[in-house]
Q: 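Here's a structure for you.
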Amino acid sequence: CLLAYCLRITEIDPIRHGLYFERFLSTDRMSMPDFDTDFQSLHIERVMQYLSDKYGKHNVERICAYDKLRPKSMIQSMLKALDVMSHAELIKLTKELEDDNTRTDPEYIDEWWESLDNERLIDIVGRVEYDLQSFSKALFQLPVSVSAHAAAVVIGDSQSDLSEWVPTQFVPSSNRIVTQFDMTQIEELGFVKLDTLSVGTLDTVADCVDYIGYDPFEQEISEHGSMQYDDAKTYQLITSGYTDGLFQLSGGTAKQVIK
């Protein structure tokens, strides 16, 4: 918090408002603290180019993301392999299947099969000569495809190419070279992960700035640390629930809390 304030990433004084450095103090978080840097979606490639120019094109890579088999995709893949029905029928049959994407433990598969209530699907699975439930336990969470992570970037040592420390690969779908390790493995190896997030709200802010003719490089909206926190009209707007387009306040949960 204090570093973000000193670098003018945020205008909120953490000492004045008693904001603790919880990311650094929490014993439950063993990963290195980092900043998520937000950019306009139109400028993400410019940011990547800047990082490559600054640290060397062989030292900056996107981190890969693996698409892994989940219950729904496993059912589709197994029934497709068995040629039980046409692709169109298969997609229609499995369209409404639910999946808790937060669950990655092996026990989830048995729980998922027990909760399955699609009678037609249960009937089809029951008539297949193979034990699809047992197969699904072996297939669960296996990677099936790789892509470039939407935000995660790793920066290596400028004294040597990143590929000397981390295996890389070319991903045709993204038309870029990415690491073969995902972001969890990258952090376990001791590398620092940088998240360059594309935020649509910043596109809206940029459009507003252009509309009013404000140039952030020539003038300041306010002096650092002079932001007011007791503006009545601002709080009236927030508590009204009309917060579409307001960063962190436009989601359904946030609206329920602030009303």
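Owing to the predicted nature of the structure, the values given are computational and were not obtained by experimental measurement.
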Q: Same cluster for Leu69 and Ile91 if Ile/Leu/Val/Met/Phe/Trp/Tyr side chains link at under 4.5 Å?
A: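 Result: no, two separate clusters.
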Q: So, using salt bridge (charged side-chain N to carboxylate O under 4.0 Å, His left out) as the criterion, who are the partners of Asp110 when residues are at least two apart?
A: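 Applying salt bridge (charged side-chain N to carboxylate O under 4.0 Å, His left out) to Asp110 gives Lys137.
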Q: For Ile258, which of Ile238, Thr253, Thr239 qualifies under side chain to side chain contact (heavy atoms under 4.5 Å, CB included)?
A: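 Checked Ile238, Thr253, Thr239 against Ile258; only one passes side chain to side chain contact (heavy atoms under 4.5 Å, CB included): Ile238.
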Q: Heavy-atom distance under 4.5 Å between the side chains of Arg62 and Thr196, does that happen here?
A: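 Answer yes - side chains close enough.
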Q: Tell me which pairs pass salt bridge (charged side-chain N to carboxylate O under 4.0 Å, His left out) where either residue lies in residues 232-251, with sequence neighbours left out.
A: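 Matches after skipping sequence neighbours: Asp244-Lys255.
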Q: Taking ILVMFWY side chains as joined if any heavy atoms are under 4.5 angstrom apart, and letting links pass through other members, which residues group with Val146?
A: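 Under the 4.5 Å side-chain rule, Val146 groups with Tyr66, Val171, Val178.
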Q: Is there a side-chain contact between Thr168 and Leu162 in this structure, where contact means two heavy atoms from C-beta onward sitting under 4.5 Å apart?
A: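 Not in contact.
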Q: Side chains of Val154 and Val166, heavy atoms from C-beta outward: is any pair under 4.5 Å?
A: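 Contact flag for Val154/Val166 side chains = no.
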Q: Taking a hydrophobic cluster as the set of Ile, Leu, Val, Met, Phe, Trp and Tyr residues connected by side-chain heavy atoms closer than 4.5 Å, whether directly or through intermediates, do Leu142 and Leu79 fall within one such cluster?
A: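 Both belong to a single hydrophobic cluster.
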Q: Going by salt bridge (charged side-chain N to carboxylate O under 4.0 Å, His left out), name the residues that satisfy it together with Arg120, two or more places apart in sequence or in a different chain.
A: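 Testing Arg120 for salt bridge (charged side-chain N to carboxylate O under 4.0 Å, His left out), a comparison that skips the adjacent residues, returns none.
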Q: Working note: Leu51 + Leu194, criterion side-chain contact (heavy atoms from CB on, under 4.5 Å); need CA distance, chi angles, decisive distance, verdict.
A: CA-CA 11 Å; Leu51 293 174; Leu194 175 67; 3.9 Å; yes
Q: By side-chain hydrogen bond (donor to acceptor under 3.5 Å, both in side chains), which residues pair with Gln185, not counting sequence neighbours?
A: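 If we apply the side-chain hydrogen bond (donor to acceptor under 3.5 Å, both in side chains) test to Gln185, skipping adjacent residues, there are no hits.
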Q: Is any side-chain heavy atom of Thr201 less than 4.5 Å from a side-chain heavy atom of Asp38?
A: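 A side-chain contact is absent here, since even the closest heavy-atom pair is not under 4.5 Å.
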Q: Examine Ile177 and Leu189 and state if one hydrophobic cluster contains both, with Ile, Leu, Val, Met, Phe, Trp and Tyr joined whenever side-chain heavy atoms are less than 4.5 Å apart.
A: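 Different hydrophobic clusters.
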Q: Return the CG to CD distance between Asn59 and Glu164, rounded to the nearest 0.5 Å.
A: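 Rounded to the nearest 0.5 Å, the CG-CD separation comes out at 9.5 Å.
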Q: Nearest 0.5 Å, what's the OH-CG distance between Tyr242 and Leu237?
A: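 Output value for this atom pair is 10.5 Å.
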Q: Strictly by salt bridge (charged side-chain N to carboxylate O under 4.0 Å, His left out), give each pair with a member in residues 72-84 just once, sequence neighbours left out.
A: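 Those involving residues 72-84 do not exist here.
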Q: What verdict does the side-chain contact (heavy atoms from CB on, under 4.5 Å) test give for Phe191 and Trp165, after you've listed the backbone C-alpha separation in whole Å, the side-chain angles of each residue and the deciding distance to 0.1 Å?
A: CA-CA 10 Å; Phe191 288 95; Trp165 300 93; 3.6 Å; yes
Q: Output the distance between atom CH2 (Trp112) and atom CD1 (Ile75), rounded to the nearest 0.5 Å.
A: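 Going from the CH2 atom of Trp112 to the CD1 atom of Ile75 covers 4.5 Å.
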Q: Identify, with sequence neighbours excluded, every residue that meets salt bridge (charged side-chain N to carboxylate O under 4.0 Å, His left out) alongside Glu45.
A: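 Listed in chain order: Arg176.
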Q: Quick one: closest heavy-atom pair of Gln141 and Lys68, and the distance?
A: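 For Gln141 and Lys68, the tightest heavy-atom pair comes out as O-CD, 3.4 Å.
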Q: So do Tyr108 and Phe140 actually touch side chain to side chain, heavy atoms under 4.5 Å?
A: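 Yes, at least one pair of side-chain atoms sits under 4.5 Å.
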Q: Linking I/L/V/M/F/W/Y whenever any side-chain heavy atoms sit under 4.5 Å apart, do Leu42 and Leu202 land together?
A: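 No; tracing contacts between hydrophobic side chains, which count when under 4.5 Å, never links both residues.
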Q: For the CE atom of Met74 and the CD atom of Gln133, what is their distance to the nearest 0.5 Å?
A: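 Rounded to the nearest 0.5 Å, the CE-CD separation comes out at 10.0 Å.
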Q: If we check side chain to side chain contact (heavy atoms under 4.5 Å, CB included) with Val125, which of these qualifies: Ile122, Val128, Leu121?
A: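 With Val125 as partner, Ile122, Val128, Leu121 yield a single side chain to side chain contact (heavy atoms under 4.5 Å, CB included), made by Leu121.
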Q: With sequence neighbours left out, what residues match Asp203 under side-chain hydrogen bond (donor to acceptor under 3.5 Å, both in side chains)?
A: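 In terms of side-chain hydrogen bond (donor to acceptor under 3.5 Å, both in side chains), with neighbours along the sequence ignored, Asp203 is linked to Ser41.
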Q: State yes or no: do Leu246 and Val205 share one hydrophobic cluster built from I, L, V, M, F, W and Y residues joined by side-chain heavy-atom distances below 4.5 Å, directly or via other members?
A: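 No, no single cluster joins them.
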Q: Hey, are the side chains of Asn118 and Thr94 touching, using non-hydrogen atoms and a 4.5 Å cut-off?
A: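 Side-chain contact under 4.5 Å: no.
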Q: According to salt bridge (charged side-chain N to carboxylate O under 4.0 Å, His left out), who are the partners of Glu111, at least two apart in sequence or on a separate chain?
A: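 By the salt bridge (charged side-chain N to carboxylate O under 4.0 Å, His left out) rule, Glu111 matches Arg103.
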Q: Under the ring pair (Phe, Tyr, Trp, His ring centres under 6.0 Å) test, which residues partner His17, sequence neighbours left out?
A: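 With neighbours one apart ignored, the set is Tyr229.
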Q: Quick one: which residue pairs count as a salt bridge (charged side-chain N to carboxylate O under 4.0 Å, His left out) with a foot in residues 165-174, not counting sequence neighbours?
A: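 Listed once each, the pairs would be none.
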Q: Tell me the salt bridge (charged side-chain N to carboxylate O under 4.0 Å, His left out) pairs involving residues 90-99, sequence neighbours left out?
A: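 As it turns out, the salt bridge (charged side-chain N to carboxylate O under 4.0 Å, His left out) pairs with a partner in residues 90-99, which skip direct neighbours, are Arg70-Asp99.
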Q: Side-chain contact test, heavy atoms from C-beta onward, threshold under 4.5 Å: evaluate it for Val47 versus Thr37 and give yes or no.
A: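 No. Closest side-chain heavy atoms not under 4.5 Å.
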Q: Between Trp113 and Leu132, is any pair of side-chain heavy atoms under 4.5 Å apart?
A: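 Contact flag for Trp113/Leu132 side chains = yes.
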Q: Specify the closest pair of heavy atoms between Tyr235 and Asp230, including all atoms of both residues, with the distance to one decimal.
A: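 The answer is CE1-CA, 4.0 Å.
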Q: Please round to the nearest 0.5 Å and tell me the distance separating atom CD of Gln169 and atom CD of Glu61.
A: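 CD of Glu61 is found 11.0 Å from CD of Gln169.
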Q: Within this structure, what is the OG-CD1 distance for the pair Ser134 and Ile109, rounded to the nearest 0.5 Å?
A: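 Taking OG in Ser134 and CD1 in Ile109, the distance rounds to 11.0 Å.
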Q: Glu119 vs Asp123, test: side-chain contact (heavy atoms from CB on, under 4.5 Å). Steps then yes/no.
A: CA-CA 6 Å; Glu119 294 184 2; Asp123 177 63; over 6 Å; no
Q: Does Asp182 use its side chain to pair, donor to acceptor, with the backbone of Thr184 at less than 3.5 Å?
A: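 Side chain of Asp182 to backbone of Thr184: a pair is present.
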